[in-house]
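Heads up: the structure comes next, in C-alpha coordinates.
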Amino acid sequence: MPSMISFKNKAIPVYRIDHKANLDMLSNKLKEMEYDFVFRKKLKRVLSVELVRDVAIFKYNDGTKLYLEVS
(Lines give C-alpha, C1' and ligand atoms only; values in the text may rest on other atoms or scores of the structure.)
Protein backbone atom coordinates (compact mmCIF):
# COMPACT_ATOMS: atom_id res chain seq x y z
CA MET A 1 0.00 0.00 0.00
CA PRO A 2 1.52 3.35 -1.02
CA SER A 3 2.03 6.36 1.19
CA MET A 4 0.14 9.48 0.28
CA ILE A 5 1.26 13.08 0.08
CA SER A 6 -1.08 15.98 -0.36
CA PHE A 7 -0.49 19.13 -2.34
CA LYS A 8 -3.25 21.71 -2.08
CA ASN A 9 -6.42 19.57 -2.36
CA LYS A 10 -4.89 16.64 -4.27
CA ALA A 11 -3.67 13.40 -2.70
CA ILE A 12 -0.88 11.68 -4.64
CA PRO A 13 0.33 8.11 -3.98
CA VAL A 14 4.09 7.70 -3.36
CA TYR A 15 5.80 4.40 -4.14
CA ARG A 16 9.25 2.90 -3.39
CA ILE A 17 10.14 4.94 -0.35
CA ASP A 18 13.59 3.93 0.90
CA HIS A 19 13.55 6.00 4.10
CA LYS A 20 11.02 8.11 5.96
CA ALA A 21 13.49 11.01 5.72
CA ASN A 22 13.14 10.97 1.92
CA LEU A 23 9.37 11.35 2.21
CA ASP A 24 9.87 14.28 4.59
CA MET A 25 12.32 15.89 2.13
CA LEU A 26 9.73 15.49 -0.64
CA SER A 27 7.10 17.20 1.49
CA ASN A 28 9.49 20.06 2.23
CA LYS A 29 10.33 20.43 -1.47
CA LEU A 30 6.64 20.60 -2.36
CA LYS A 31 6.18 23.36 0.22
CA GLU A 32 9.04 25.28 -1.44
CA MET A 33 7.46 24.85 -4.87
CA GLU A 34 3.89 25.77 -3.89
CA TYR A 35 4.19 29.30 -5.34
CA ASP A 36 5.67 28.14 -8.65
CA PHE A 37 2.70 28.42 -10.99
CA VAL A 38 4.16 26.22 -13.74
CA PHE A 39 4.95 23.44 -11.26
CA ARG A 40 1.47 23.61 -9.73
CA LYS A 41 -0.07 23.41 -13.18
CA LYS A 42 2.00 20.31 -14.00
CA LEU A 43 1.23 18.70 -10.66
CA LYS A 44 -2.49 18.63 -11.44
CA ARG A 45 -1.88 15.88 -14.03
CA VAL A 46 0.34 13.65 -11.84
CA LEU A 47 -0.90 10.10 -11.28
CA SER A 48 1.78 8.92 -8.86
CA VAL A 49 5.24 9.63 -7.49
CA GLU A 50 8.10 7.17 -7.23
CA LEU A 51 10.74 8.13 -4.66
CA VAL A 52 14.19 6.68 -5.36
CA ARG A 53 16.91 7.91 -3.01
CA ASP A 54 17.01 11.72 -3.43
CA VAL A 55 14.94 11.87 -6.62
CA ALA A 56 11.18 12.06 -6.96
CA ILE A 57 9.83 10.77 -10.26
CA PHE A 58 6.43 12.27 -11.04
CA LYS A 59 4.48 10.05 -13.47
CA TYR A 60 1.85 11.76 -15.62
CA ASN A 61 -1.30 10.33 -17.14
CA ASP A 62 0.17 10.59 -20.67
CA GLY A 63 3.22 8.47 -19.77
CA THR A 64 5.76 11.28 -19.38
CA LYS A 65 7.87 11.73 -16.27
CA LEU A 66 9.31 14.67 -14.36
CA TYR A 67 12.41 14.16 -12.24
CA LEU A 68 12.84 16.39 -9.19
CA GLU A 69 15.78 16.32 -6.79
CA VAL A 70 14.45 16.53 -3.24
CA SER A 71 17.66 16.78 -1.23
Side-chain angles (χ1 to χ4, degrees):
M1 182 164 189
S3 296
M4 300 293 277
I5 58 168
S6 60
F7 186 76
K8 300 295 180 185
N9 295 335
K10 182 175 181 160
I12 304 169
V14 181
Y15 299 98
R16 290 184 59 187
I17 302 168
D18 294 335
H19 300 287
K20 172 95 170 89
N22 291 350
L23 187 59
D24 293 337
M25 287 191 302
L26 176 60
S27 296
N28 292 338
K29 188 67 167 183
L30 289 177
K31 286 179 187 174
E32 289 176 18
M33 304 285 287
E34 74 178 325
Y35 296 112
D36 184 355
F37 180 71
V38 175
F39 180 75
R40 284 180 26 200
K41 194 172 175 183
K42 288 181 181 181
L43 201 60
K44 288 181 182 179
R45 299 181 298 126
V46 170
L47 289 179
S48 66
V49 178
E50 191 172 325
L51 194 57
V52 180
R53 295 186 186 166
D54 294 343
V55 177
I57 305 167
F58 294 88
K59 295 182 180 181
Y60 291 99
N61 52 7
D62 63 355
T64 59
K65 298 177 183 178
L66 171 73
Y67 295 86
L68 179 68
E69 185 177 354
V70 295
S71 61

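The chain is numbered in sequence order, starting from 1. None of the values given here were measured: they were computed from a predicted structure.
- Between Met33 and Phe39 the shortest heavy-atom distance is CB-CD2, 3.6 Å.
- In the hydrophobic cluster analysis, where Ile, Leu, Val, Met, Phe, Trp and Tyr join through side-chain heavy atoms closer than 4.5 angstrom, Met25 is grouped together with Val49.
- Of the inter-residue distances, the one linking Leu68 atom CG with Asp54 atom CG reads 11.0 Å to the nearest 0.5 angstrom.
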| said: Ser3 vs Leu23, test: side-chain contact (heavy atoms from CB on, under 4.5 Å). Steps then yes/no. | reply: CA-CA 9 Å; Ser3 296; Leu23 187 59; 4.2 Å; yes

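- Going from atom CG of Leu26 over to atom CZ of Phe58 covers 5.5 Å, rounded to the nearest 0.5 Å.
- Pairing each heavy atom of Lys44 with each of Lys10, the nearest pair is O-NZ, 2.7 Å.
- Looking at every heavy atom in both residues, Val55 comes nearest to Val70 through N-CG2, 4.3 Å.
- If you take NZ on Lys29 and OG on Ser71, they are separated by 8.0 Å, rounding to the nearest 0.5 Å.
- Arg45 CZ: more than 12 foreign heavy atoms inside a 6.0 Å radius.
- A distance of 4.0 Å separates CD1 of Ile12 from CG of Leu43, quoted to the nearest 0.5 Å.
- Heavy atoms only, all atoms of each residue included: Pro13 and Met4 are closest at CA-SD, 3.4 Å.
- Under the 3.5 Å distance criterion, the side-chain polar atoms of Lys59 are left unmatched by any main-chain donor or acceptor of Val46.
- Hydrophobic clustering (ILVMFWY, side-chain heavy atoms < 4.5 Å, transitive): Leu30 and Leu66 are in one cluster.
- Nearest heavy-atom pair across Asn61 and Leu47 is CA-CD1, 3.5 Å.
- Every residue was checked against the side-chain contact (heavy atoms from CB on, under 4.5 Å) condition with Ser6, not counting sequence neighbours, and none meets it.
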| task | Any chance you could lay out the side-chain contact (heavy atoms from CB on, under 4.5 Å) test for Leu51 and Arg16, step after step, and finish with the verdict? | result | CA-CA 6 Å; Leu51 194 57; Arg16 290 184 59 187; 5.9 Å; no

